[in-house]
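Reading through the structure tokens given below for one structure.
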Amino acid sequence: MLRKTAILFTLALLLTISTAYAQGITGGLKAGMNIANLHGDDVEGFGYESKMGFCAGGFITFKVANIVAIQPEVLYTQKGTKWEEVFMGGTWNINLNYLEIPVLFKVIMPIQGMIKPHLFVGPYFAYNLTAKVKTYYYGQSEEIDVDEETKDGDFGAVFGGGIDFGLPAGKIVFDARYSLGLTTIDEEGSDVKNNVFSFMLGYAF
């Protein structure tokens, strides 16, 4: 499973970057961290806490007007949540790994100079690579596969902004975003959705 995931992710990244080179448009790589949790009617009251995760991938940017661009991305992103059982002293970590494809509509601020702030919004589509629950009790840990209880796909909306720092060759890119899951990830239909803040730093060629 891990080998297939790595191959799929690598091919998606190579396709993204090669498309950028072939058509003479901006492309790049980025990586950063997630602060992930779950939301929904069937999550409230459980005391879930945010958990840290990793995100990384590639992007291409099509500039369609002076201040408007479309930016598809291919990201590996870690989501989920954690829960601490006060009386028993145990913890639960729900670890969800996705291959995610956001399609962002960017508005670039018309500012002179090498620094270009921007805002973006758009949908994301994600495929669930792995879903596991890791528990810790009395110094012992156990990992449970919950792929069958988790939907293969996820859909939501992305909102955020960032800054591009121009360089003699290429540019450094930074963005902060909020990804709001709009569909339940529970196979049984319970109202449980992803909820993620992400901060990424990268380089555009």
Side-chain angles (χ1 to χ4, degrees), residues 1-2 4-5 8-9 12-13 16 30-60 70-84 91-107 118-135 143-162 173-202:
M1 176 64 185
L2 290 177
K4 291 181 179 179
T5 299
L8 178 63
F9 180 60
L13 270 180
T16 299
K30 61 172 65 175
M33 72 170 187
N34 290 339
I35 303 174
N37 209 330
L38 300 174
H39 75 101
D41 292 341
D42 295 314
V43 174
E44 295 178 4
F46 277 85
Y48 287 134
E49 299 178 7
S50 298
K51 69 182 293 290
M52 305 292 287
F54 174 74
C55 55
F59 62 91
I60 53 177
I70 298 175
Q71 182 170 295
E73 301 178 343
V74 178
L75 304 173
Y76 168 76
T77 181
Q78 297 177 331
K79 303 183 181 183
T81 190
K82 64 180 181 180
W83 176 64
E84 183 174 349
T91 60
W92 294 61
N93 281 281
I94 301 175
N95 302 315
L96 307 174
N97 298 321
Y98 288 90
L99 183 67
E100 184 170 292
I101 303 176
V103 181
L104 306 178
F105 298 86
K106 297 178 63 175
V107 177
H118 59 267
L119 299 174
F120 55 80
V121 63
Y124 76 78
F125 310 88
Y127 176 73
N128 179 22
L129 299 173
T130 61
K132 299 180 183 295
V133 175
K134 193 167 187 177
T135 62
E143 191 169 61
I144 305 168
D145 195 320
V146 291
D147 282 330
E148 293 185 359
E149 289 81 19
T150 308
K151 286 187 175 179
D152 289 338
D154 185 28
F155 171 77
V158 180
F159 310 89
V173 298
F174 169 79
D175 76 60
R177 65 182 63 187
Y178 172 59
S179 301
L180 175 66
L182 299 177
T183 59
T184 180
I185 62 172
D186 181 50
E187 194 67 64
E188 299 298 322
S190 299
D191 187 17
V192 180
K193 306 181 183 76
N194 282 308
N195 182 30
V196 184
F197 290 94
S198 303
F199 304 90
M200 285 184 277
L201 184 67

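- The CG atom of L129 lies 10.0 Å from the CG atom of D152; values are rounded to the nearest 0.5 Å.
- Side-chain contact between Y76 and N97: present, with at least one pair of heavy atoms (C-beta onward) separated by less than 4.5 Å.
- When side chains are defined from C-beta on, V43 does not count as touching N195, because their heavy atoms never get closer than 4.5 Å.
- Judged as a ring-ring contact (aromatic ring centres under 6.0 Å, His included), and not counting sequence neighbours, the contacts of F197 are Y178.
- Contact record, V158 with Y124: CG2-CD2, 3.8 Å, taken as the closest heavy-atom pair.
- In terms of the side chain to side chain contact (heavy atoms under 4.5 Å, CB included) criterion, residue partners of V173 (sequence neighbours excluded) are, by chain and number, F59, D164, K171, A204.
- Note: Q78 CD to S198 OG = 11.0 Å, rounded to the nearest 0.5 Å.
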L96/N194 under side chain to side chain contact (heavy atoms under 4.5 Å, CB included): CA gap, chis, key distance, verdict: CA-CA 10 Å; L96 307 174; N194 282 308; 3.8 Å; yes

Evaluation steps, side chain to side chain contact (heavy atoms under 4.5 Å, CB included), between M200 and M33: CA-CA 7 Å; M200 285 184 277; M33 72 170 187; over 6 Å; no

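- Counting only heavy atoms from C-beta outward, the side chains of P102 and L75 approach each other to under 4.5 Å.
- The side-chain hydrogen bond (donor to acceptor under 3.5 Å, both in side chains) check on T184 picks up nothing, with sequence neighbours excluded.
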Between side-chain atoms of residues 49-56 and protein atoms elsewhere (two or more places apart, or another chain), which donor-acceptor pairs fall under 3.5 Å?
{"unit_1": "S50", "atom_1": "OG", "unit_2": "N37", "atom_2": "ND2", "d": "3.4"}
{"unit_1": "K51", "atom_1": "NZ", "unit_2": "N95", "atom_2": "OD1", "d": "3.2"}

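- Taking the ring axis of Y127 as reference, the NZ or CZ atom of K151 does not stay both within 45° of it and closer than 6.0 Å to the ring centre.
- Annotation: side chain of F105 is not in contact with side chain of L119 (no heavy-atom distance under 4.5 Å).
- Scanning for ring-ring contact (aromatic ring centres under 6.0 Å, His included) contacts around F174 gives an empty result, with sequence neighbours left out.
- The closest side-chain donor-acceptor pair between N128 and D154, if any, does not fall under 3.5 angstrom.
- Using modelled atom types and a 3.5 Å distance limit, the side chains of T77 and N34 yield a donor-acceptor pair.
- For the side chain to side chain contact (heavy atoms under 4.5 Å, CB included) test, residues two or more places apart in sequence or in another chain that qualify with E143 are K132, K134.
- Considering only heavy atoms from C-beta on, F199 stays 4.5 Å or farther from D175 through its side chain.
- Listed by chain and residue number, nothing satisfies the side-chain hydrogen bond (donor to acceptor under 3.5 Å, both in side chains) test with S179 (two or more places apart in sequence, or in another chain).
- Under the side-chain hydrogen bond (donor to acceptor under 3.5 Å, both in side chains) criterion, Q71 pairs with T61, E73, K106, not counting sequence neighbours.
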CA sep, side-chain torsions, deciding dist, call: I70, L104, side chain to side chain contact (heavy atoms under 4.5 Å, CB included): CA-CA 6 Å; I70 298 175; L104 306 178; over 6 Å; no

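- With hydrogens and angles disregarded, a donor-acceptor distance shorter than 3.5 Å links the side chain of H39 to the backbone of G181.
- K82 is linked by a side-chain hydrogen bond (donor to acceptor under 3.5 Å, both in side chains) to nothing, counting only residues two or more places apart in sequence or in another chain.
- When the side chain to side chain contact (heavy atoms under 4.5 Å, CB included) test is applied to V146, the partners found at least two apart in sequence or on another chain are A131, V133, I144, E149, T150.
- Applying the salt bridge (Lys or Arg N to Asp or Glu O under 4.0 Å) criterion to D191, with sequence neighbours excluded, gives K193.
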Chi angles and distances behind the side chain to side chain contact (heavy atoms under 4.5 Å, CB included) call for R177, F120: CA-CA 9 Å; R177 65 182 63 187; F120 55 80; 3.9 Å; yes

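- Every residue two or more places apart in sequence or in another chain that forms a ring-ring contact (aromatic ring centres under 6.0 Å, His included) with F125 is listed here: F155.
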